[in-house]
There are 2 protein chains.
Amino acid sequence: MSGGERRRPPTIHDVAREAGVSRGTVSRFLNGGHNVSPAAADAVRAAIRRTGYVVNRHARSLITGRSDSVAFLLTEPQEKLFEDPNFNVLLRGCTQALAAHDIPLLLMIAGTPAERRRVIRYVTAGHVDGVLLVSSHTGDPVAEHLLGTGIPVVASGKPIDRQGRTARLAHVAADDRAGAREMVRHLVSTGRRTIATVAGPPDTPGGVERLAGWREVLVEAGLPAGDELVAHGDYSRGSGERATAELLDRVPDLDAVFVASDLMARGALAALERAGRRVPRDVAVGGFDDSPAAVSGLPELTTIRQPWDRISSEMVRVLLALIGGEEPSAVVLPTELVVRESA
Amino acid sequence: MSGGERRRPPTIHDVAREAGVSRGTVSRFLNGGHNVSPAAADAVRAAIRRTGYVVNRHARSLITGRSDSVAFLLTEPQEKLFEDPNFNVLLRGCTQALAAHDIPLLLMIAGTPAERRRVIRYVTAGHVDGVLLVSSHTGDPVAEHLLGTGIPVVASGKPIDRQGRTARLAHVAADDRAGAREMVRHLVSTGRRTIATVAGPPDTPGGVERLAGWREVLVEAGLPAGDELVAHGDYSRGSGERATAELLDRVPDLDAVFVASDLMARGALAALERAGRRVPRDVAVGGFDDSPAAVSGLPELTTIRQPWDRISSEMVRVLLALIGGEEPSAVVLPTELVVRESA
DNA sequence: CTGAAAGCGCTTACAG
DNA sequence: CTGAAAGCGCTTACAG
């Protein structure tokens, strides 16, 4: 039982001989079965089973010009990947959605300039058929370069328009503004009156849209929505803690905080605890994402669920459509309020 | 500035014509430059720059039989990927170590039987040159199958020998036992006398070795090391909380807990807080991993650092050596005690 | 050190 | 519906 010798794998030629047909017929069978008689198809099927034939993707790609693979490209600084659980959920979802089409996912990281160059060279050389682009910040140099090459790209999150260049980028995103509105409405409906917010970075769609949703609802409700109620974080836990401490300083009588991500909300809880405020009794905290961080400690977070499963499957669907020649499209997915303990 | 038309990319033929040499010479230049005169090399270099030539990997692979790509294969149930930050660190490290060799990493998940079949078919078809295998549990059906095919495989973590089949699996691991010993010695040296442990699953190397290290040091120190001081978790946060509550029930006067992972240690801290024990004053808590979970809350964890950067780079090094025809090897890397607040 | 040639395994018009 | 043939872009003995 050595198993160590790897003999030459069967080729289409072996299958053709075994099935008593030509190689062209085998190939046609493999590529949809058009113009193959039922009898020939049966013979080929049996021959494939007997020989254990598996297509040589390199030979196929050489002639079709397609690679039948897709890149999952991360352009955030690397630490993000580890602090933000959303990346993981997206990565798993995309891997599995692609696997269903038998398309492997190539993970690429372009955090440094050297990595960026390498990735651009690789992608523009046609080594992948398309790119799933994950970066929340605008003005991404890789994104802009890729757009110029004509290679199919789908971004996660709505790209911020910068001189009109990223406007035609296909993307899939949750409805940030509607989600923020729903959370703030929830806070208002439970009697909160001084509702501050820890917003995300102003160069990210989440940073802009969730803040806008917060403001809209407060204005509609006739509640204060001034800038003293706004502090910014960078989606990290620590930044949520700092921003919340700042808010407590400025507005000691706040009775709720809408935090633009669950991870930052974890930091907000720490700041509130340190300040002796009980959650939710003294201060209600609403998060965003419904990431693992939402339930990684106590109290469990009331939050807005982003439909990550659907986001990843839609990204894959849109990318495959682009590769198939369709026009770029934008998909906006609804969010959902999840009420737990913190608000 | 349309950029959308993707013209036929330059081939080796274009480069040869441009450089005034034959295609064979260009190819030799590309593959190490042996038997290429300095003058010819210069001409080819210039021609490559002018034409923007990038090798067509499919054509190359078709003839070399290598794919110049590697799979990162996750055989844990998928949730693990998201709860355990170590996977992420490993994934990033491997991606970047491979990128330095211009080898793309294919992410594959084999959690369900259907996914397992797909992955095995893909890998054994020769679509990757080797596999980085990440699974902490023994008796992994994919691992056993892969071993039989002769494809190069490197595992992360020491595989538990099961009927001698996985013994010859190349692997890279931290020194679990030595790390556990160091942590328990630290607890003893700071005056702790009733030191319980939350161990990992007994079918994982970490579950076995860290428990053994705990016991060895206590026996050497003449301290209690009975089974009532041992509870098991599954590396998840919740399991650490449950196991610690169980320990507090059985041994109310314990003054330290060595927890076999940081994530479980976070759960342990929650259980201790709920029981009204202060950390580290009443009970010291030592973790393992030095993962992001170690500093994701308060108190920050005293823990054992696994050298993830080196683990990933060694995994890649060993895999490339295997692909190059060398024999399987095992690498054991030292750990390091990191003292923070919890012990 | 160099070129001409064979061939890797597949797909796709083309002619029947 | 089917087969024979060309050709995708590259590497590698081979002969010089």
Side-chain angles (χ1 to χ4, degrees), chain A residues 6-45 47-48 51-69 102 121-122 124-129, chain B residues 6-45 47-48 51-69 102 121-122 124-129:
Chain A
R6 290 153 79 193
R7 63 188 58 210
R8 192 177 72 67
T11 73
I12 207 173
H13 192 205
D14 300 316
V15 175
R17 186 163 20 77
E18 186 82 12
V21 300
S22 75
R23 295 180 297 165
T25 299
V26 176
S27 181
R28 265 175 241 117
F29 172 84
L30 254 23
N31 291 284
H34 303 302
N35 289 356
V36 179
S37 67
D42 284 346
V44 171
R45 225 186 314 271
I48 286 175
T51 55
Y53 171 78
V54 180
V55 68
N56 180 320
R57 297 170 83 104
H58 303 304
R60 172 180 286 176
S61 290
L62 178 56
I63 197 156
T64 61
R66 283 176 287 109
S67 72
D68 291 323
S69 68
D102 221 40
R121 183 159 34 80
Y122 191 90
T124 56
H127 294 152
V128 292
D129 295 337
Chain B
R6 290 152 78 194
R7 62 187 60 209
R8 190 178 73 66
T11 73
I12 207 174
H13 192 206
D14 300 316
V15 175
R17 184 160 23 75
E18 187 81 12
V21 299
S22 75
R23 296 179 296 165
T25 298
V26 176
S27 180
R28 265 175 242 119
F29 173 84
L30 255 23
N31 291 283
H34 304 303
N35 290 355
V36 178
S37 68
D42 284 346
V44 171
R45 224 186 315 271
I48 287 175
T51 55
Y53 172 78
V54 180
V55 68
N56 180 321
R57 298 169 83 103
H58 302 305
R60 172 179 285 175
S61 291
L62 178 56
I63 197 159
T64 61
R66 284 176 287 109
S67 74
D68 292 323
S69 68
D102 222 40
R121 181 159 35 79
Y122 192 89
T124 57
H127 294 153
V128 293
D129 294 337

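Every chain is numbered from 1 and lettered A, B, ... according to where its sequence line falls, protein lines coming before strand lines.
- For B:T51, the side-chain contact (heavy atoms from CB on, under 4.5 Å) partners are B:P10, B:V15, B:E18, B:Y53, not counting sequence neighbours.
- In this structure the side chain of A:Y122 never reaches within 4.5 angstrom of the side chain of B:V54, judged on heavy atoms.
- Rounded to whole Å, the separation between the C1' atoms of C:dT12 and C:dG16 comes to 16 Å.
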For this session: Treat a base pair as Watson-Crick or G-U wobble with both distances under 3.5 Å, then lay out DNA chain D in dot-bracket form, 5' to 3', with | for cross-strand pairs.
Result: |||.||||||||.|||

For this session: Given side-chain contact (heavy atoms from CB on, under 4.5 Å), test A:V44 with A:V21 step by step and report yes or no.
Result: CA-CA 8 Å; A:V44 171; A:V21 300; 4.0 Å; yes

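- Among all heavy-atom pairs drawn from B:H58 and A:S67, the shortest one is NE2-CB, 3.6 Å.
- Mapping B:A59 and B:T25 onto DNA chain C by nearest heavy atom places B:T25 at the nucleotide closer to the 5' end.
- Mapped onto DNA chain D by nearest heavy atom, B:N56 and B:R28 fall at different nucleotides, with B:N56 at the one closer to the 5' end.
- Applying the side-chain contact (heavy atoms from CB on, under 4.5 Å) criterion to A:R60, with sequence neighbours excluded, gives A:L30, A:N31, A:V55, A:T64, A:D68.
- With sequence neighbours excluded, the residues satisfying side-chain contact (heavy atoms from CB on, under 4.5 Å) with A:D102 are A:R57, B:R118, B:R121.
- Nearest heavy-atom pair, B:P9 versus B:D14, reported as atom, atom and distance to 0.1 Å: O-OD2, 4.3 Å.
- Here B:Y53 lies in heavy-atom contact (under 4.0 Å) with sugar-phosphate atoms only.
- Among the heavy atoms of the strands lying under 4.0 Å from A:S27 is at least one base atom, whether or not backbone atoms are also near.
- Nucleotides of DNA chain D that come within less than 4.0 Å of any heavy atom of chain B span, from the 5' end to the 3' end, D:dG9 to D:dA13.
- In this structure, B:L62 and B:S22 both approach DNA chain C, and ranking their closest nucleotides by distance from the 5' end singles out B:S22.
- Judged as a side-chain contact (heavy atoms from CB on, under 4.5 Å), and not counting sequence neighbours, the contacts of B:A59 are A:L62, B:N56.
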